[in-house]
Every structure is written in structure tokens, then in C-alpha cells.
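So the structure is just underneath, and the comments pick up after that.
Atom set for the values below is all heavy atoms of this structure, side chains included, hydrogens, waters and symmetry mates excluded. As the structure is a computational prediction, the values presented were derived from the model and not from experiment.
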Amino acid sequence: MQSRLLENLNPEQLAAVTLPRESAMILAGAGSGKTRVLTTRIAWLIETRQVNPLGLLAVTFTNKAAREMLTRISAMLPINTRGMWVGTFHGLANRMLRAHHRDAGLPQTFQIMDTADQVAMVKRMMKANGIDEERFKPRDTAWFISAQKDAGLRPGSVEAFDDHTRQLVEIYAMYEAQCQREGVTDFAELILRSYELLARNEAIREHYRARFAHILVDEFQDTNRLQFDWLKLIAGAQNAVFAVGDDDQSVYSFRGAKVANMRDFEREFNAGTIIKLEQNYRSHGNILEAANVLIGHNQQRLGKNLWTSESQGEPIRLFEAQTDFEEAQFIVEQVRDLKATGVPLVEVALLYRSNAQSRVLEHALFSAGLPYRVYGGLRFFERQEIKHALAYLRLVANPDDDAALLRVINFPTRGIGARSIEQLQDAARAGGTSLWQAACSRGGSRGGSPDAPRKGVEGFVLLIDRLRNECAGITLPEMIEAVIERSGLRTHYETEREGADRIANLDELVNAAAQFSDDPMRMLEMEADADSFASQGPTALAAARQAGATLDPHAAEAEADAAMLAAGFEDMPGLPPGDASADIAATAGTALAPAEPADQLLIQFLSHASLEAGDNQANAGDDALQLMTVHAAKGLEFHTVFASGLEEGLFPHENSLNDAGGVEEERRLMYVAVTRARRRLYLTFAQSRMLHGQTRYNVASRFLRETPVKLLKRLSPTYERGGGSTSFDRPRTPSSYAPVQVQQAPKIEAAGMPFRIGQNVRHAKFGGGVIIDAEGRGSDARVQVNFGREGVKWLALAYAKLDPA
DNA sequence: ATTAGTGGTGTTTTT
DNA sequence: CACCACTAAT
């Protein structure tokens with residue numbers, strides 16, 4: 001069948017899209033149409049009846065990518081994508097664990113902690129066991145635990161060769177036991193549990209293997225060890241894994257991603273084919289060449305060179321500012337010009353290495369009255385008022401959730417202080433129960449303890465009990481409404497002076513829940529999953545069909561979709577053999593049934609809140625400048641990109657210089673930044689920058705020097721400084737770029753000192769450097785100079801021959 | 001129980 | 001600088 005889907009694909013893309021059913025690796029460079037290939041392949045497989053829509057599994061890393069994929073599939077095929085297993089590793093693992101919670105050893109209502117909850121839990125464990133928080137920082141310990149899980153290791157399997165590690169493992173074990181008691185998981189746990197479930201339960205494993213004939217993985221270079229193994233397990237020997245990735249864009253090794261997985265893939269998945277997509281459809285020639293040269297400095301590469309049929313386009317604009325403030329001013333000016341020439345601000349991105357850098361930029365933009373949007377701050381579901389409301393909901397769903405209980409037992413305050421909580425914790429530990437159970441028995445028959453602490457706890461227990469009763473039989477938005485009112489959250493924030501935003505957010509939460517409830521896909525997903533496995537028949541399809549007809553507000557459309565889904569797919573992989581139409585009577589409702597639908601919805605909503613933290617700012621539709629970290633920009637593209645703060649120590653970040661491969665990863669990150677631009681690219685840096693409350697003097701990033709001069713156009717400040725070259729112009733001895741150590745604020749010094757702090761100088765032996773401090777005067781005058789790789793040195797001006805650079 | 005004030009500490013990137 | 005944990009005072 002010659003499909004319209006295949007039109008306008010280049011030969012490599014076409015080859016990738018139409019590969020036979022076998023494992024393959026697609027090395028897809030930036031802007032080479034990776035997502036298009038992935039989605040077109042899915043559409044092609046379905047359209048040509050090689051697979052049922054339910055017979056494929058597509059995995060991404062971000063929710064955004066998953067949504068994008070679903071949207072594009074919907075646009076290509078006249079099917080509804082509901083019920084399809086397209087999502088993030090975490091989302092799909094969660095889905096699997098919900099469907100098989102008993103086999104996975106989890107309560108049906110298990111909750112997912114975010115990173116903050118996780119750290120708090122570790123901290124509690126350490127406190128309870130008298131572990132020194134100085135020697136074992138809760139944050140680091142939580143990090144350690146996640147890293148072990150990402151490597152697929154339970155406490156028993158971690159090799160510990162020193163006392164410190166042994167202690168960490170011990171905490172890990174306690175943490176794990178506590179999670180189990182409370183019925184909570186963390187991000188890594190989702191995947192590890194899912195992996196173990198598949199590994200141990202043959203029936204379940206075979207079920208999924210029989211179902212997912214085609215497995216497609218996006219951003220394969222970001223997979224960690226556990227995800228790699230998870231894929232291997234679910235693929236088995238039969239199924240085809242279509243992996244798309246770009247080793248040059250691997251920027252998540254700090255959280256366990258292994259680029260080596262791309263190499264190993266070929267061997268461990270018996271990949272027959274490797275296809276390289278090297279034609280770039282995004283950027284003009286100069287930008288692409290800069291990117292190619294830059295990434296060429298990396299040794300560890302699979303090898304790939306992007307090309308474009310586009311013209312060279314504009315030169316890359318380089319701007320050196322004296323201060324971060326000046327850098328921001330420059331960007332403001334340029335953005336104004338761009339806006340005046342008609343470039344929409346949403347098409348302009350302002351990128352930086354670390355979040356802390358956004359502050360100055362925001363300030364300048366705000367003063368200039370330019371609209372902007374910052375990505376990556378505090379997100380919706382991470383706001384404290386939202387977390388409080390969710391904690392109440394979690395207690396309604398599962399009162400044994402200690403973390404939730406601790407969060408709100410005294411918020412709003414109801415007279416339960418540290419002392420009362422301690423008593424509860426003692427009682428819980430003694431009885432081996434949850435805090436909730438301890439609280440209940442305390443308020444109950446045993447009246448041993450004095451009244452004072454009891455009263456508050458009793459009131460709290462009453463409140464939660466009442467809430468739970470009230471929540472039975474009402475809709476999800478109503479539940480949240482009830483929680484906000486009954487708990488006193490609304491009243492509390494009404495009396496707080498800065499509470500208006502908080503109230504608005506709480507109302508927004510009710511909104512979000514309403515939207516979530518109205519989304520029929522959620523319900524269908526869940527029911528289809530439970531059903532398809534429970535009856536070992538093709539009832540997923542029946543359920544989808546049945547529920548689609550009854551729940552979807554656009555019933556006619558849904559019917560058409562269901563018919564489309566059903567037509568001709570009976571013999572395709574994706575469903576265990578059987579007759580789809582025969583089993584329609586097994587409806588979603590009857591098959592699932594163990595809990596109230598509204599409860600199910602609540603559980604789903606809470607998962608949703610954990611897995612998808614939500615966008616951070618409301619006004620998404622406006623035409624605003626886009627501010628984000630380079631990490632956050634991965635996968636996006638813009639007409640114009642500003643890559644700012646290109647300084648040694650910042651980008652590459654000083655922390656990366658110690659660990660092996662650190663600089664190469666930073667360079668890949670720079671590569672990502674550069675390849676986001678379609679038409680225009682600005683590279684900016686500042687000689688001095690306010691960071692952590694101190695002024696630091698930096699030299700230009702090595703990545704700037706790795707950019708060919710012929711591609712660059714230098715822009716000067718409007719008020720040109722008197723002559724003199726700058727840190728960028730220093731001779732290109734590769735040894736002279738190293739992180740800058742800590743600096744002190746400039747001492748405004750003395751006449752007679754021929755040098756200023758922040759000035760660039762040359763030394764015959766040490767090369768170029770920046771003056772970072774000075775003291776004394778006249779013949780005693782000394783300056784401290786940062787020579788990059790050569791180190792930071794104090795030099796007496798009377799002896800050392802320093803020239804202005 | 002809550003508040004204000006102090007001091008110490010860190011701070012890359014995030015599903 | 002900004003966030004915390006802890007202390008002292010109300």
C-alpha cells in the first residue's frame with residue numbers, strides 16, 4: 001500500500017519508517033525529523049494493519065513528548081488514540097502497577113512521592129533512628145537511594161565497601177520498609193517495581209510480551225540502566241524495539257542516563273539495522289556548522305554529521321558584556337529590535353545553564369516592559385497550598401500515608417505541636433503502625449495521656465473521618481471543594497495577607513480536577529487495562545468500545561473510532577486471540593468494579609499530580625519571550641536563540657569538571673543550545689557576574705573558542721570601552737581555560753594602581769588572566785590574578801611583569 | 001504555639 | 001542571596 005503518510009520523507013526517514021519488524025536504532029540528529037519518523041512509523045504500522053493500536057508501546061521521557069506524539073498520531077490517522085500505551089516510563093510503569101497492584105505488592109491506592117516528599121521521608125527516617133544529619137545529608141541520601149534504584153539495586157544487592165556506604169544502604173533499607181508500610185512509592189520505585197513484577201510473574205510478563213509486538217522508544221540516549229532492562233524484559237526475544245536517539249544530545253547522565261546504552265542496544269536487542277538521520281531541516285548553515293565543529297571536540301561519539309540544504313544565513317552574533325547586568329541590557333535591546341521587525345516573542349528563547357541566572361534577565365525584561373515566561377520554576381502541583389490540599393486528599397484515599405498526615409496534621413494550626421507529634425510517632429513505632437492508626441487509638445478508648453495533646457489529634461481524626469464520609473458518592477471537584485472548606489485551608493489563606501494568590505490556586509485546583517474528570521480518556525485507559533488483563537480476552541477493545549459509547553460526550557465520534565479500532569484488527573498482534581465482538585457484554589464497569597469510580601478517579605488524579613507537576617505559569621497563550629534552562633529547551637526550536645552566561649565555571653559548570661566525561665556532557669548541552677536556533681543565534685557572556693551574593697570574575701567559555709571565528713560577528717556595547725582586548729581575545733592556548741575559584745567583591749582601590757579589578761592582563765609565564773583582587777599601594781601593591789588552568793596567584797606589581805591584555 | 005531573629009550552608013541540570 | 005534550622009522571646 002502506498003500511503004500518503006510516506007510522502008515527503010527523505011530516503012533515510014522512509015527507510016526508518018518502513019523497517020520490517022525487527023529491532024533497530026535510529027540515530028537522529030538535532031532537527032532531523034526524529035519525532036516525525038517516530039510518529040509516522042506508528043501511523044504506518046497501524047494503517048498497514050501490521051499492528052493493532054493497542055499492540056504497540058511507545059515510551060518517551062517527558063509528558064510533553066508523549067502528548068505531542070498522541071496529537072500527531074491523531075492527526076495522521078482517523079482513530080482515537082485512547083487506550084494506547086503511549087507515555088513516559090514513569091507513567092506507563094504506574095499504569096502497569098495500578099492494573100496489577102496485588103501482584104506488585106502495593107495497595108491499590110499507593111501514592112507517588114515527589115522529590116521533596118522523598119527527602120522529607122528520608123529525613124524522618126534519619127531522625128527516628130538518630131542518624132547524624134551532618135554526616136548524612138537527607139538530600140544526598142535520597143539521591144543515593146534513587147541512584148541505586150535507577151541501577152536496579154535493592155538494599156541487599158548494593159555493594160558497600162566502606163562504612164559510610166554501608167550506613168547509606170542501611171538507611172535505604174529503612175526507607176524502603178517505611179514506604180511499604182505507608183503504601184507510597186517514589187519515581188524510581190515505579191519503574192523498579194514494574195521491572196520486578198515483570199521479572200517475577202511469568203503470566204504478566206507473557207501477557208505484555210504477547211501484546212506489544214512493537215515497542216518504540218524516544219530519546220534513547222537518556223535511558224538509564226533500569227529502563228534499559230525494563231525494555232529488554234518487556235520486549236523479550238520476539239518483539240521489535242524501534243529506538244530513536246542522539247548520543248550528542250545526551251545530557252542527563254547526572255540522573256543515571258547512560259549513553260552507553262545506545263552502543264549496547266545493538267548487541268542486547270539484536271538490532272539488525274542502524275539508520276542515521278543527518279539532514280537537518282531546522283537551522284541555517286552557519287548555525288549548523290558551529291554545532292558540528294563544537295560537538296566535533298568530543299571524543300566519545302557514535303559519529304554523525306548534520307548537513308542542510310539551507311543557505312548559510314546570518315552570522316552568529318557574539319556579545320561580551322562587562323557585567324551580567326550589561327548582558328541583560330544587551331539582550332533587552334536585541335529583543336526589542338526583533339519584536340519591531342515582526343518576530344513573535346514566543347519564537348525567541350533566552351537560554352541559560354542554571355536557573356539562578358534567570359533573575360538578572362527577568363529583572364531587565366521586567367523593567368523594559370517586555371513580556372516573558374519562565375519555565376522551570378515552582379510548578380503548579382508543587383506549590384505549598386496545592387500540596388496541602390492534595391495531602392488531605394491523599395489521607396482520604398489512604399490514611400496510612402504518614403507524609404501526607406505530617407504535612408497537614410497541624411495545618412491550619414489546630415494545637416498539635418512537636419510534642420504531640422512525637423508522641424504519635426513513638427506510639428506508631430511501638431505498635432508498628434502508621435501514624436494515623438496511632439492517632440485513632442489515642443483518641444479512642446485509651447485515655448491514659450493528658451487531655452491537652454489529645455484534643456487536637458482527636459479533632460484531626462474526626463475531621464479526616466468526616467471528610468472521607470463526605471467524599472463518598474460525590475464528584476472529584478466536589479471532594480476537593482469539600483477538603484478546601486472543611487480543612488480550614490480557605491479560611492486560613494483568607495486571613496493571610498499574601499493569601500489571595502493561594503486561594504486562586506486552590507480554585508484552580510478544583511478546575512483542574514473538573515477538567516481531569518471530564519477527560520474520558522483517563523477512565524478508558526484504566527478500565528481497558530484492568531479489563532484486558534483480568535479476563536485474558538480481547539475485552540480491552542470491548543471495554544474501550546463500550547465505555548466510549550457511554551462516557552464520551554461525542555458518542556458518535558467515539559463509536560466511529562471504536563469501529564475503526566475493531567475493524568480488521570482481530571488477528572493482529574496486540575490482543576490475545578479471540579473474537580472481539582463476542583465479548584462486548586463484558587463492560588468496563590463490571591470487569592473492574594472493586595472500588596467506587598469516584599475513588600478510582602481520585603487515585604488517578606493524585607497520580608497525575610505527582611507524575612505531571614503541571615506548568616508553572618498560567619498565561620501560556622500570550623506572546624512572550626521564552627526563558628528556560630538549556631535542559632528544558634531540549635526538543636524545542638525557535639527562530640532566535642540567546643545562549644547566555646557562556647563563561648568558564650558556569651557553562652561548562654565548574655561542578656562538571658571533576659567527573660569523567662563531565663566536560664563532554666557540558667559540550668553536548670551547548671550543542672543542544674546551539675541547535676535550538678533556526679535563523680539567528682546569539683552567544684553572550686559577561687566578565688563579571690553576581691552569584692551567591694558575590695561578584696565573580698570569569699573568562700569566556702571554552703565553547704566560544706571552539707566556535708570558528710569566521711562564523712561569528714562580534715557586537716560591541718554601544719558605549720565602546722577604550723581600546724584593549726578582552727578575555728575572549730586572549731591567545732588560544734587551550735590550557736588556559738579552567739574554572740574560576742571563589743572571588744571577593746572588588747575593593748575600590750587607590751590611585752596609583754594601574755590595574756582595575758576585573759581587568760584582563762597578560763603574564764609572560766602564566767598567560768592571560770583576570771584580576772580578581774588587589775591590595776596595598778605603591779611599591780607594595782599586589783594583585784590576585786585568575787589565570788584559569790594555571791591557577792589563581794598573588795603577584796607583586798613591582799616584580800611581576802603584567803601587561804594589560 | 002507562633003514569631004522574629006540569627007547563623008550556617010549551599011547552589012547544575014529533572015522524570 | 002535565599003533557604004534552612006535552631007533559639008529566644010512573646
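You'll find that the side chain of A:N655 is closest to B:dT12, out of B:dT12, B:dT13, B:dT15. Of the listed nucleotides (B:dT15, B:dT14, C:dA5), C:dA5 has the atom at the smallest distance from the side chain of A:K123. With distances taken from any side-chain atom of A:R255 to the nucleotides C:dA5, B:dT12, B:dT14, the minimum falls on B:dT14. Side-chain proximity of A:R353 to C:dA2, B:dT15, B:dT12: nearest is B:dT12.
Few gaps surround CZ on A:R414; more than 12 heavy atoms of other groups in view lie less than 6.0 Å from it. Under a cut-off of 6.0 angstrom, the local environment of CZ in A:R225 is sparse, with at most 12 non-hydrogen atoms contributed by other residues, nucleotides or ligands. Residue A:R139 places its CZ atom among 12 or fewer non-hydrogen atoms of other residues, nucleotides or ligands, all under 6.0 Å distant.
Atom-to-atom, OH of A:Y375 to P of B:dT13 comes out at 18 Å; the value is rounded to the nearest Å. Straight-line distance from the CG atom of A:L351 to the P atom of B:dT13: 14 Å, rounded to whole Å. Atoms CD (A:E219) and C1' (B:dT13) sit 15 Å apart, rounded to a whole Å. Rounded to an integer number of Å, the gap from CE of A:M628 to P of B:dT12 is 21 Å. Atom NZ in A:K149 sits about 22 Å away from atom P in B:dT14, given to the nearest Å. Distance CH2 (A:W143) to P (B:dT15): 12 Å, rounded to an integer number of Å. One interatomic measurement links the two molecules: CZ of A:R359 to C1' of B:dT11, which rounds to 12 Å at whole-angstrom precision. We find that CD of A:Q221 is positioned 15 Å from C1' of B:dT13, with the value rounded to whole Å.
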Dump the pairs, protein N or O against N or O of nucleotides 2-9 of chain B, anything under 3.5 Å, distances to one decimal.
residue, atom, partner, partner atom, Å
B:dT2, OP1, A:T413, OG1, 2.8

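Between A:T629 and B:dT14, a side-chain N or O to OP1/OP2 separation shorter than 4.0 Å is present. At C:dC4, none of the side-chain N or O atoms of A:R139 fall inside 4.0 Å of OP1 or OP2 (strictly under the cut-off). Within the 4.0 Å cut-off from OP1 or OP2 of B:dT13, at least one side-chain nitrogen or oxygen of A:N355 is found.
For the ring-ring contact (aromatic ring centres under 6.0 Å, His included) test with A:W230, the passing option among A:F89, A:Y208, A:Y195 is A:F89; the others fail.
Comparing the P positions of B:dT13 and C:dC4 gives an interatomic distance of 15 Å, to the nearest angstrom. Taking the C1' atoms as reference points, C:dA5 lies 25 Å from B:dT12, given to the whole Å.
Checked by atom type, the side-chain pair A:Q425/A:Q423 shows no donor-acceptor distance below 3.5 Å.
Taking the centre and axis of the six-membered ring of A:F110, the NZ or CZ atom of A:R98 falls inside the cone set by 45° and 6.0 Å.
Of the residues in residues 110-121 of chain A, those placing a heavy atom less than 4.0 Å from an atom of DNA chain B are A:T115, in numerical order.
No donor-acceptor pair closer than 3.5 Å links the side chain of A:S420 to the backbone N or O of A:V457. At least one donor-acceptor pair under 3.5 Å links the side chain of A:T675 to the backbone N or O of A:V672. Using a distance-only test at 3.5 Å, with no hydrogens or angles considered, no donor-acceptor pair links the side chain of A:N698 to the main chain of A:Q687. Side chain of A:E327 to main chain of A:G645: a donor-acceptor pair is present (N/O by atom type, distance under 3.5 Å, no hydrogens or angles).
Applying the 5.5 angstrom centroid cut-off and the 30 degree plane-angle cut-off, the aromatic ring of A:H653 is stacked upon the base of B:dT12.
For A:F411 and A:H492, the ring centers are positioned less than 6.0 Å apart.
When the nearest nucleotides of DNA chain B are assigned to A:T88 and A:S656 by heavy-atom distance, the more 5′-ward of the two goes with A:S656.
Counting non-hydrogen atoms under 4.0 angstrom, A:Y252 reaches the backbone sugars and phosphates but no base. Contact annotation for A:F61: backbone-only contact, meaning every heavy-atom pair under 4.0 Å involves sugar-phosphate atoms and none involves a base.
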